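Written out below as structure tokens is the structure these notes cover.
Only a predicted model underlies this, so the values are computations on that prediction, with no experimental measurement involved. Naming: A, B, ... by sequence-line order, numbering from 1 per chain.
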Number of protein chains: 2
Amino acid sequence: MLAGTDSPQSATAPRTTATGEANRERILDAALARFARTGLSGTRIDEIAADAGLSKTNLLYYFRTKNALYLAVLRRTLEMWLEPLRQIDAGRDPQAALAHYVTRKLEAARDCPEASRLFALEVMRGAPMLSGMIAGDLKDLVDAKVALLRHWQAEGRIGVHEPHHLLFHIWAMTQHYADFAVQVEGLTGRTLDDPAFFEQALQAILAAVSGMAFGPPKD
Amino acid sequence: MLAGTDSPQSATAPRTTATGEANRERILDAALARFARTGLSGTRIDEIAADAGLSKTNLLYYFRTKNALYLAVLRRTLEMWLEPLRQIDAGRDPQAALAHYVTRKLEAARDCPEASRLFALEVMRGAPMLSGMIAGDLKDLVDAKVALLRHWQAEGRIGVHEPHHLLFHIWAMTQHYADFAVQVEGLTGRTLDDPAFFEQALQAILAAVSGMAFGPPKD
DNA sequence: ACCACAATTGATCAGATGGTCAAGCGTGTG
DNA sequence: CACACGCTTGACCATCTGATCAATTGTGGT
């Protein structure tokens, strides 16, 4: 048997099956939808199982505990959250880079508001399961981008506000449309799915960013 | 007995006592702190009772159910949230009015982040207990302020972005420091309690608002 | 002192819910 | 065909937790 060594299904990794993978995906999707709305403690695993079309016991076959499932969802979603930030790089014009970032973030808020809400809930709980990531990967990435913004500042290509706040405010404005979607819709009757509304929001955010990064010297 | 009629302690309202009122206050304070961090379902009423220095049974004497307590906390907090918005009125200079509003909101985020978090959690759940208020009082107030902003627009005293977004973004940026305090502190090592940090945040937000409301025509 | 009622307690219940267990089913591979 | 192993199920358990109840204590007013 040649296959023995390079398909390490021994002990650690169970043999991956078509149905198995499909089920895992469906569970993760259903779990994200539920967790993002009702939080960890407010979600029952039998609800998730029902949404995914499985029995509770069967769900527990794929994820041993509710917490493990929650962690898996969190991990899978993290990359989606970080990825747009990576794209701010030194090779671009600052204004174009920021505009691109804002657009990406607002698109993410429109296309996957659950991801935004999940992280918001987790952070608001005190991020007991993300504290490592916030202090680790996220901080490293943010520090790098802050350094880049400071570099642009030194070159006089963007304004003088503390870069951290610029990032925070971009996050805040874009994620607001995901996290507070109910309120936004309740007050305006519209959604980011409405292209005109999306464009309004985008332009307002870009104006705000311009005010922070490229605004006129306020004398 | 003259007093009989105008102190209506008959049937409906139980006689209000010093200890009773004090306990109610302590319970509401403790409940706000807990609910704002772990949400409705994630909070046990015996935790709240312990924080307030009472037994669980005794807490249930003052608030019949967990839900009733949650609602009471929500109601008591709502006014704190709305009040700054009321102060934007036609009698002021637009720029001063907006700057004042932003300052008030950021102070609220610093001085009572729990209130902000409580509402954020509730809205993210879909606001099942606030839907009435969002569609009612809040919408009326927001509509009125939006009308005022439109009036200022017509007079050419502020910029041309849709007023709703201006309000949303002010809420988003200010509340971000309360709702995501853990993340902000994790990434910067600082808090709004640090006066210098507060001032940085405030100036950045004011610059953003200027960009939206008083920005240069982007030609 | 007495009374009415607020305040407080401990025991206890009932339902919800996360998780376990042992057994059966399906399917691809030797 | 038969074996192995992933998949699925239903019954069951243990615990947590919101809520109830009866009984006792404290207290202000007359």
task: Sort out for me which residue in B:Leu28, B:Leu71, B:Ile45 forms a side-chain contact (heavy atoms from CB on, under 4.5 Å) with B:Phe63.
output: B:Leu28
task: Name the nucleic acid region contacted by A:Thr43, choosing base, sugar-phosphate or nothing; use a 4.0 angstrom heavy-atom cut-off, strictly under.
output: sugar-phosphate
- prompt: Counting only side-chain N and O atoms of B:Tyr61, is one of them less than 4.0 Å from OP1 or OP2 of C:dA7?
  reply: yes
message: Taking donor-acceptor contacts at under 3.5 Å, does the side chain of A:Lys56 reach the base of C:dG18?
response: yes
statement: In terms of heavy-atom contacts, A:Cys112 and A:Met80 come closest through SG-SD, 3.7 Å
Nucleotide D:dG10, atom P - distance to CG of A:Leu54 in whole Å: 12 Å
task: Quickly work out the A:Tyr62 OH to D:dG6 C1' distance and round it to whole Å.
output: 8 Å
Short side-chain N/O contact from A:Ser55 to OP1 or OP2 of D:dG10, under 4.0 Å: no
message: Whole angstroms only, please: what is the CZ-C1' distance between B:Phe63 and C:dA7?
response: 15 Å
Test log, rule salt bridge (charged side-chain N to carboxylate O under 4.0 Å, His left out), inputs B:Glu122 and B:Arg125: CA-CA 5 Å; B:Glu122 179 62 16; B:Arg125 284 204 312 161; 3.0 Å; yes
message: Can you work out whether A:Ile45 or A:Thr57 has the more 5'-proximal nearest nucleotide on DNA chain C?
response: A:Ile45
task: May I ask you to verify whether the side chain of A:Thr65 and the base of C:dG19 hold a donor-acceptor pair under 3.5 Å?
output: no
query: How close or far is atom P of D:dG18 from atom OH of B:Tyr70, stated in whole angstroms?
result: 14 Å
message: Angle between ring planes, B:His165 versus B:Phe168, binned at 30° and 60°: parallel, tilted or perpendicular?
response: perpendicular
task: Could you tell me the separation between the CZ atom of A:Arg44 and the C1' atom of C:dG15, rounded to a whole number of Å?
output: 12 Å
message: Please report the interatomic distance NZ(A:Lys145) to CD(A:Gln87), rounded to the nearest 0.5 Å.
response: 9.5 Å
statement: Among C:dG18, D:dT20, D:dG10, the one nearest any side-chain atom of B:Leu60 is D:dT20
query: Expressed in angstrom and rounded to an integer, what is the separation of B:Asn58 atom CG from C:dG10 atom P?
result: 11 Å
query: Under 4.0 Å between a side-chain N/O of A:Thr17 and OP1 or OP2 of D:dC7, yes or no?
result: yes
- request: Return the value, rounded to whole Å, for the distance between atom CZ of A:Arg64 and atom P of C:dT20.
  value: 9 Å
- prompt: Can you find a side chain N or O atom of B:Thr19 that sits less than 4.0 Å from OP1 or OP2 on C:dA7?
  reply: yes
- prompt: Is there a side-chain polar atom (N or O) of B:Asn23 under 4.0 Å from OP1 or OP2 of C:dT8?
  reply: yes
Interatomic distance, B:Arg26 CZ vs C:dA7 C1' [rounded to whole Å]: 13 Å
